[in-house]
Amino acid sequence: MRRVLCFGDSNTYGYSPVDGQRYGDDINWPGVLDRLLGDKFEVINEGKNGRTVAFDDPYKEGCNGMNDIESCIEDHEPVDLVIIMLGTNDLKVYFDASPQVIAENLRDMCKIVQKKTDAKIILASPALLGDQIEFSPLHLEFGRTQVDYSFELAPYFERVAKEVGAEFIDLAMVAMSSDVDCLHLMPEEHAKVAQAMRDKVLWIFREELAREAREEEEARRRAEEEARLREEQEREERERAIEAEREAAERAARLREEQEREERERAIEAERMAAEIAARQRAEEEARLREEEERKRVAREEADRDAEEGARLRLQAILKATENEKLKEEVQENGGLDADFVLGNDMGEAEQETAGTAEVLGTGGFFASSEKEKMLSGKLYICDATLRAEAAEARKITAVYNQTTNAEISKRTELLTRLFKKVGKTPYIEPPFRCDYGSNITVGDEFYANFDCIMLDCANIKIGDHVFFGPKVNIYTTCHPIYAPVRNQQLEYAKEVTIGDDVWIGGNVTINPGVHIGNNVVIGSGSVITADIPDGVVAAGNPCRILRRISEADKKYWEEQMTLV
């Protein structure tokens, strides 16, 4: 087995520009190369973040490749091939090194390798720096000059390879640095590098591999011929043994046949009796199951009839109560008489009938509490006169709010205080704004919502401090039964929605019932949120999915941007 040592920087190590973690061996190019080369090669990953050819980085200790190339070779002896993929970190601004200087240092490293081992060498010129690196998180280490220098590395590296007798590969022709930080490789680029390295390695060892293949083929043919001869001998021996066994078997078979005949007759009789018993037992069990299934069917039909009758009585009671309310209003408008007196004693006959129905149905759980209480507790409810009155009041307030101007900030705050259950410091909502009741909405300090925000607050909507909405953000708490006969009776239910502190929600986002969003979250525009979102993530999509964690690198980058303001 040939041993291949990959000596490089973070792009050999497998650094991910997305989350700063290390790619696994199924992604980083040395790991993929090991799989592509097969069992005739062993690939060793000696990549190190920040490694240079010959410079001591003042910000990262132990990254000078010239200091540890010998120890790496000693640790992994014997080594048949050394792949050196360095030079990117030597371009850093504070080293002030030209491509020629970096190439000369690389020549010295190759000479150290050749003194230490007889292994072959591949010099790999790294991928080019991205054009936008001066605007990336790495802008303090790499600028426009370094991007230009990265284009000049390949000719110098190729010249060094010829001088020291090494193979050369220009990875700028194979892979591109990512758009994330303009330096590190994405998984698909690692795959391209591994494929190019595989072709180069197989070309280097082509003669040895061809010779081994010929030897293996000759050995295979010899083994096949020996196996054929052995098989022929074994076949003849088997034939002789079979003939002897056949004769002995015939003699024994005649003796066994009579015994087996008698045993079969006894077994057939026993099976017949067992089958009769099993048939009787199956018939009894089937009859029992049919009887049990019939009892269950009858019970289901009775339960369905009871449910339909209960729903019908409840709907009749609600409709009757609504009609009496309308009649009371007409009597008061026309004659000025006491509506309860006209309709009946005290509470009125219609209301007494409704109350009686509610009392009867209450044992089944239909009217055990008010419709509003059921709504807020997540149970099925019907929008009754009380809820309709609260919704009408909310619409009056939002209608006034939506007519205000930007000069009427104090009036807007006063209207939101009247409308919402609780309001923190300096809330700001761009009109138009709409909600169902308002009284079930709580917002924290510094809340901001852009144009066309809708909150259907049939359940509580709780929003923390420093939460910002883009335009057309919709929050729904209302749910409708899946089963149509129940849904058609105007029954619905609601699920609470909560949003933590320090949350930014982009434009045109839909938040579905029962969703809970954690603290320090960013939601991409156009998302449809159907499940809970944990703390500290960026999420987007339909349905909304977590894209990545909000990391320390984000904090550092944006704090640096603030210093430029």
Side-chain angles (χ1 to χ4, degrees), residues 297 299-329 347-395 398 419 421 434-442 454-462 474-498 510-516 528-532 543:
R297 185 186 63 78
R300 285 196 301 269
E301 290 178 353
E302 290 177 354
D304 290 343
R305 285 195 298 271
D306 291 344
E308 291 176 1
E309 180 64 16
R312 186 185 64 79
L313 291 175
R314 180 182 60 199
L315 187 57
Q316 285 179 349
I318 292 171
L319 293 174
K320 189 70 174 178
T322 303
E323 291 173 0
N324 288 339
E325 288 289 336
K326 291 180 179 179
L327 183 57
K328 278 201 250 181
E329 292 175 1
M347 67 190 308
E349 294 176 359
E351 292 187 17
Q352 290 177 5
E353 180 180 350
T354 301
T357 304
E359 183 178 354
V360 171
L361 294 179
T363 60
F366 292 114
F367 283 75
S369 59
S370 71
E371 297 303 312
K372 182 175 181 179
E373 290 173 343
K374 288 189 283 186
M375 178 183 76
L376 294 176
S377 63
K379 299 178 180 178
L380 286 174
Y381 72 95
I382 287 181
C383 187
D384 60 4
T386 300
L387 290 175
R388 288 195 297 273
E390 290 187 15
E393 179 64 21
R395 280 158 177 73
T398 54
L419 180 64
K421 182 177 182 180
R434 293 174 178 83
C435 64
D436 273 338
Y437 304 101
S439 59
N440 302 320
I441 300 173
T442 299
I454 296 176
M455 299 187 192
L456 303 186
D457 58 318
C458 295
N460 288 323
I461 297 176
K462 300 177 181 178
N474 297 334
I475 302 177
Y476 306 147
T477 65
T478 307
C479 307
H480 298 277
I482 296 297
Y483 184 55
V486 176
R487 184 172 67 247
N488 295 341
Q489 296 180 40
Q490 309 304 315
L491 286 167
E492 57 188 56
Y493 62 102
K495 293 182 179 180
E496 178 181 272
V497 170
T498 64
T510 299
I511 302 173
N512 280 314
V515 166
H516 299 278
V528 178
I529 308 175
T530 60
D532 292 354

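The residues of the chain are indexed from 1 along the displayed sequence. Model, not experiment: these values are computed from the prediction.
In this structure the side chain of L419 reaches within 4.5 angstrom of the side chain of T398, judged on heavy atoms. In this structure the side chain of R395 reaches within 4.5 angstrom of the side chain of D436, judged on heavy atoms. No side-chain heavy atom of K421 sits less than 4.5 Å from a side-chain heavy atom of D457. Taking 4.5 Å as the limit, some side-chain heavy atom of L387 sits within range of a side-chain heavy atom of Y437.
Closest approach of L380 and K374 over heavy atoms only: O-CD, 3.7 Å. Counting all heavy atoms, side chain and backbone alike, I461 lies closest to T477 at CG1-CG2, 3.7 Å. Closest approach of A459 and N440 over heavy atoms only: O-CB, 3.8 Å. Closest non-hydrogen pair, C458 versus T478, comes out as SG-OG1, 3.2 Å. In this structure, Y381 and Y493 approach most closely via the heavy-atom pair CE2-CA, 3.8 Å. Nearest heavy atoms, P481 versus V486: CG-CG1, 3.8 Å.
From D384, atom CG reaches atom OG of S370 across 7.5 Å, with rounding to the nearest 0.5 Å. In this structure, the separation between CE on M375 and CD1 on I382 is 13.5 Å, given to the nearest 0.5 Å. Here N460 contributes atom CG and S439 contributes atom OG; the two are 9.0 Å apart, rounded to the nearest 0.5 Å. Residue R487 holds its CZ atom at 7.0 Å from CD1 of I482, rounded to the nearest 0.5 Å. Expressed to the nearest 0.5 Å, how far CG of N474 lies from OG1 of T510 amounts to 5.0 Å. Residue T498 holds its OG1 atom at 7.5 Å from CG of D532, rounded to the nearest 0.5 Å.
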